[in-house]
Structure formats: structure tokens, C-alpha cells
Amino acid sequence: MVNNNIINYSTVQVFGVASPGSGVIIAKKNNQYFVLTAGHVVKEAWKNEYVEVLTRVGIYHESKILKICEKSDIALLSISSKINIILSL
């Protein structure tokens, strides 16, 4: 049996240059959180290297684009927060 803990991931809204999209916080290290989203949502912002991420508590965070994989249409972002973002319901 596979233990899939996707329920523990917190969803966010991602606002790139194109239309907004969604993402999930997949990891945390100290006050840095890592967000997985669709690459096409942030692709045009790659030159600016940041997009806004809205957490479910209504706080906007400026994020840094760490990596975009065009082949898989996936992107990895990072945000920082001194407020603990709850990762599960």
C-alpha cells in the first residue's frame, strides 16, 4: 500500500504575467517554503524572476522562480515567511 500524503500539502494561488494559476507548498526549510506550480503560469515572469503567491490565509508573498521545466510544464518557486504557513488542514 502506498502512503500518499498529498492531503498535507497546502494549496496557494500563483499570479504570474499570464492568467493566475494554482500551486502547492511541497516543502519547508526554516522560513522558506517551496511551491510547485504549472510552468506556463510563470513562464513569462522568468525574466523578472518573481511572481506573487497568495496563501490560503490571505497573505501575498513575492516568490522567486527557482526552476522551470518546459518539457513537463512545471515550475518550482520559493517564498519566505516569518509567519508559519500551515501545511495541513
Side-chain angles (χ1 to χ4, degrees):
M1 182 172 174
V2 176
N3 183 8
N4 187 349
N5 291 326
I6 197 163
I7 192 73
N8 291 334
Y9 298 137
S10 181
T11 58
V12 296
Q13 286 184 297
V14 179
F15 298 93
V17 175
S19 59
S22 61
V24 292
I25 297 174
I26 59 167
K28 175 186 177 187
K29 183 177 181 182
N30 300 320
N31 68 339
Q32 187 174 19
Y33 296 83
F34 299 92
V35 176
L36 201 59
T37 189
H40 65 268
V41 173
V42 298
K43 182 180 177 182
E44 295 301 318
W46 183 251
K47 297 171 188 133
N48 296 329
E49 296 188 17
Y50 75 91
V51 295
E52 285 190 318
V53 172
L54 175 63
T55 59
R56 65 182 176 180
V57 294
I59 299 173
Y60 285 89
H61 301 273
E62 187 176 284
S63 70
K64 182 172 174 88
I65 300 171
L66 301 177
K67 183 78 174 175
I68 295 178
C69 178
E70 291 186 30
K71 185 176 181 181
S72 301
D73 190 33
I74 202 160
L76 181 64
L77 316 175
S78 69
I79 61 173
S80 294
S81 178
K82 293 182 180 180
I83 299 170
N84 190 29
I85 298 173
I86 299 169
L87 297 180
S88 63
L89 295 173

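Any value given below was found using the heavy atoms of this structure, including those in side chains, with hydrogens, waters and symmetry copies removed.
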Next on the checklist: Are Leu54 and Val12 connected into the same hydrophobic cluster when the rule is that any two of I, L, V, M, F, W, Y join if their side-chain heavy atoms are below 4.5 Å apart?
Outcome noted: no

Next on the checklist: So, using side-chain contact (heavy atoms from CB on, under 4.5 Å) as the criterion, who are the partners of Ile59 when residues are at least two apart?
Outcome noted: Thr55, Val57, His61, Ile83

Next on the checklist: Checking Glu70 now: which residues fulfil side-chain contact (heavy atoms from CB on, under 4.5 Å) with it, not counting sequence neighbours?
Outcome noted: Lys43, Ile68

Next on the checklist: Run the side chain to side chain contact (heavy atoms under 4.5 Å, CB included) test on Ser10 and Ile25 for me, step by step, so that the C-alpha distance in whole Å, both residues' side-chain angles and the decisive distance to 0.1 Å come before the verdict.
Outcome noted: CA-CA 5 Å; Ser10 181; Ile25 297 174; 4.3 Å; yes

Checklist entry - For Asn31, what residues pass the side-chain hydrogen bond (donor to acceptor under 3.5 Å, both in side chains) criterion, not counting sequence neighbours? => result none

Checklist entry - Does Ser78 reach the side chain of Leu66, with side-chain heavy atoms less than 4.5 Å apart? => result yes

Checklist outcome for this item: For Ala75 and Val42 the tightest heavy-atom approach is CB-CG2, 3.5 Å

Item to check | Nearest-0.5 Å distance that lies between atom NZ in Lys67 and atom CG in Leu76 | outcome: 10.0 Å

Item to check | Shortest non-hydrogen contact from Leu77 toward Ser63 | outcome: CD1-OG, 3.9 Å

Item to check | Reported CZ-to-OG1 distance for the pair Phe15 and Thr37, which is rounded to 0.5 angstrom | outcome: 11.0 Å

Next on the checklist: Checking Asn84 now: which residues fulfil side-chain hydrogen bond (donor to acceptor under 3.5 Å, both in side chains) with it, not counting sequence neighbours?
Outcome noted: Lys28, Tyr33

